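Worksheet: the structure to be examined is printed underneath.
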Amino acid sequence: MTTVVVTGANRGIGLELCRQFARRGDKVIATCRKDSLELRETGAEIHEGIEVTDDASIHALAGELQGRRIDILVNCAGILTRESLDDLDIDRIRRQFEINAISPLRVTAALQGCLGRGSKVAIITSRMGSIEDNTSGGYYGYRMSKAAVNIVARSLAHDLKDRGVSVFLIHPGMVATEMTGHRGIPPEEAAADLVVRIDSLGPEDSGTFWHAKGDLLPW
Ligand code: NDP
């Protein structure tokens with residue numbers, strides 16, 4: 001049985017990923033700060049109280065999962081705040097870095113003992129972190145944090161290659177969740193696309209940056 005770990009699983013894209021992985025028969029391990037009725041209804045094994053910016057919390061999770069194999073690790077937890085040049089809140093920018101860029105590294109490093117040959121690590125990034133694709137500016141913290149996590153993934157791909165672990169960056173599209181004020185494609189569609197993408201990518205694709213619909217994205 002395939003074992004999948006999803007962070008930020010109580011709502012949004014993470015919740016829908018748990019639903020869809022569970023529905024097809026995968027063993028789903030869902031992590032969240034606080035669970036939700038919807039998450040409980042998926043039947044996932046829930047690890048609550050998991051704050052991705054907190055070392056102790058992530059080490060506790062690693063301890064709880066020690067000795068188990070993770071086939072797919074989805075780093076999904078993330079935040080978006082909106083900064084403009086005239087409204088630069090540096091603490092908010094730092095917070096996005098902590099959650100969006102540093103935490104996927106912290107979580108993947110802490111759980112690396114559970115990853116083995118054939119395991120996949122998916123980081124839910126954004127095309128807003130693409131330098132080439134930035135044609136409109138603004139969103140300083142979000143763009144910076146997603147650009148940073150993109151290079152995290154590339155380094156992880158190199159560092160985990162010898163162990164047969166692949167690492168992918170996937171942009172889900174604009175998805176109707178709390179993050180976007182519920183504008184965009186339904187989370188069901190985004191999660192279905194993400195599952196297809198994760199399934200279709202292999203070791204030869206490790207360290208690459210994708211749109212969930214199947215296009216390779218520019219850095
Ligand atoms: P939501 O705002 O709906 O959900 C965010 C999730 O992240 C929640 O489960 C939230 O938990 C969790 N989270 C946030 N901060 C922390 C933290 N410090 N520790 C643990 N969990 C945390 O967003 P989406 O589902 O839309 O976003 C999921 C991912 O997809 C993010 O990485 C986002 O950047 C990315 N993405 C989303 C797009 C979109 O259009 N929606 C587009 C491109 C990328 P809690 O309920 O406890 O706050």
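One is the number of the first residue; the rest follow in order along the sequence. Keep in mind that this is a model prediction, so the values were computed, not measured. In listed order, ligands and their atoms are each counted from 1.
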Applying a heavy-atom cut-off of 4.0 Å, say which part of [X] lies close to ligand 1: side chain, backbone, both or neither.
X: Thr125; result: backbone
X: Arg95; result: side chain
X: Lys146; result: side chain
X: Ile50; result: backbone
X: Val52; result: both
X: Ile13; result: both
X: Ser103; result: neither

Protein heavy atom at shortest distance from [atom]:
atom: atom 21 (N) of ligand 1; result: Ala77 CB, 3.6 Å
atom: atom 42 (C) of ligand 1; result: Gly173 O, 3.2 Å
atom: atom 27 (O) of ligand 1; result: Met179 CE, 3.8 Å
atom: atom 34 (O) of ligand 1; result: Tyr142 OH, 2.6 Å
atom: atom 47 (O) of ligand 1; result: Arg33 NE, 2.9 Å
atom: atom 40 (O) of ligand 1; result: Val175 N, 2.7 Å
atom: atom 1 (P) of ligand 1; result: Arg11 NH1, 3.4 Å
atom: atom 35 (C) of ligand 1; result: Ile124 CG2, 3.7 Å

Separation between [atom1] of [X] and [atom2] of [Y], rounded to the nearest 0.5 Å:
X: Leu73; Y: Ile123; atom1: CG; atom2: CD1; value: 8.0 Å
X: Glu51; Y: Arg33; atom1: CD; atom2: CZ; value: 5.0 Å
X: Ile72; Y: Lys27; atom1: CD1; atom2: NZ; value: 14.5 Å
X: Leu169; Y: Ser126; atom1: CG; atom2: OG; value: 11.0 Å

Is it the case that ligand 1 has an N or O less than 3.5 angstrom from some N or O of [X]?
X: Gly78; answer: yes
X: His171; answer: no
X: Glu51; answer: yes
X: Cys76; answer: yes
X: Thr180; answer: no
X: Asn10; answer: yes

Residues, nucleotides or ligands: over 12 heavy atoms within 6.0 Å of Glu204 CD
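Yes, because the 6.0 Å sphere around CD of Glu204 holds more than 12 heavy atoms from other groups.
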
Other residues, nucleotides, ligands: >12 heavy atoms within 6.0 Å of Leu216 CG:
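Yes.
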
Report the residue from Asp199, Ile198, Asp193 that forms a side-chain contact (heavy atoms from CB on, under 4.5 Å) with Val195.
Asp199

What do you reckon, does [X] put a non-hydrogen atom under 4.0 Å from ligand 1?
X: Ala190; value: no
X: Ile99; value: yes
X: Cys32; value: no
X: Lys34; value: no

Under the criterion ring pair (Phe, Tyr, Trp, His ring centres under 6.0 Å), I'd like the reasoning laid out for Phe209 against Trp219: C-alpha separation, chi angles, the key distance, then a yes or no.
CA-CA 7 Å; Phe209 177 22; Trp219 298 105; 5.5 Å; yes

Enumerate the atoms of ligand 1 whose separation from the nearest heavy atom of [X] is less than 4.0 angstrom.
X: Ser126; result: 43 (C), 44 (C)
X: Ile79; result: 14 (C), 15 (N)
X: Gly12; result: 3 (O), 25 (O)
X: Thr177; result: 3 (O), 23 (O), 24 (P), 25 (O), 26 (O), 41 (N)
X: Met174; result: 40 (O)
X: Gly8; result: 9 (O), 12 (C)

side-chain hydrogen bond (donor to acceptor under 3.5 Å, both in side chains) for Asn100 and Ser145? Distances and angles first, verdict last.
CA-CA 6 Å; Asn100 297 346; Ser145 65; 3.1 Å; yes

Dump the intermediate steps for side-chain hydrogen bond (donor to acceptor under 3.5 Å, both in side chains) on Ser200 and Arg197, then the final yes or no.
CA-CA 5 Å; Ser200 69; Arg197 201 54 37 221; 3.1 Å; yes

Using the rule side-chain hydrogen bond (donor to acceptor under 3.5 Å, both in side chains), only one of Asp54, Thr53, Asp55, Asn75 pairs with Arg106; which is it?
Asp55

Is there a side-chain contact between His158 and Lys161, using heavy atoms and a 4.5 Å cut-off?
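Of all side-chain heavy-atom pairs linking Lys161 with His158, none is under 4.5 Å.
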
Evaluate Glu83 against Thr81 for side-chain hydrogen bond (donor to acceptor under 3.5 Å, both in side chains), listing each step before the verdict.
CA-CA 7 Å; Glu83 299 80 36; Thr81 57; 2.5 Å; yes

Derivation of the side-chain contact (heavy atoms from CB on, under 4.5 Å) call for Ser166 and Leu201
CA-CA 9 Å; Ser166 314; Leu201 295 171; over 6 Å; no

Let me see the working for Arg19 and Glu16 under salt bridge (Lys or Arg N to Asp or Glu O under 4.0 Å), right down to the final yes or no.
CA-CA 5 Å; Arg19 250 191 215 123; Glu16 192 52 40; 2.6 Å; yes

Taking only Lys NZ, Arg NE, NH1 and NH2, and the carboxylate oxygens of Asp or Glu, determine whether Arg40 and Glu48 approach each other closer than 4.0 Å.
no

For a quick test of reading the model, state the closest non-hydrogen atom pair linking Asp71 to Thr3 and the distance between them.
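For Asp71 and Thr3, the tightest heavy-atom pair comes out as OD2-N, 2.7 Å.
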
Working note: Asn150 + Thr125, criterion side-chain hydrogen bond (donor to acceptor under 3.5 Å, both in side chains); need CA distance, chi angles, decisive distance, verdict.
CA-CA 7 Å; Asn150 286 359; Thr125 184; 2.7 Å; yes

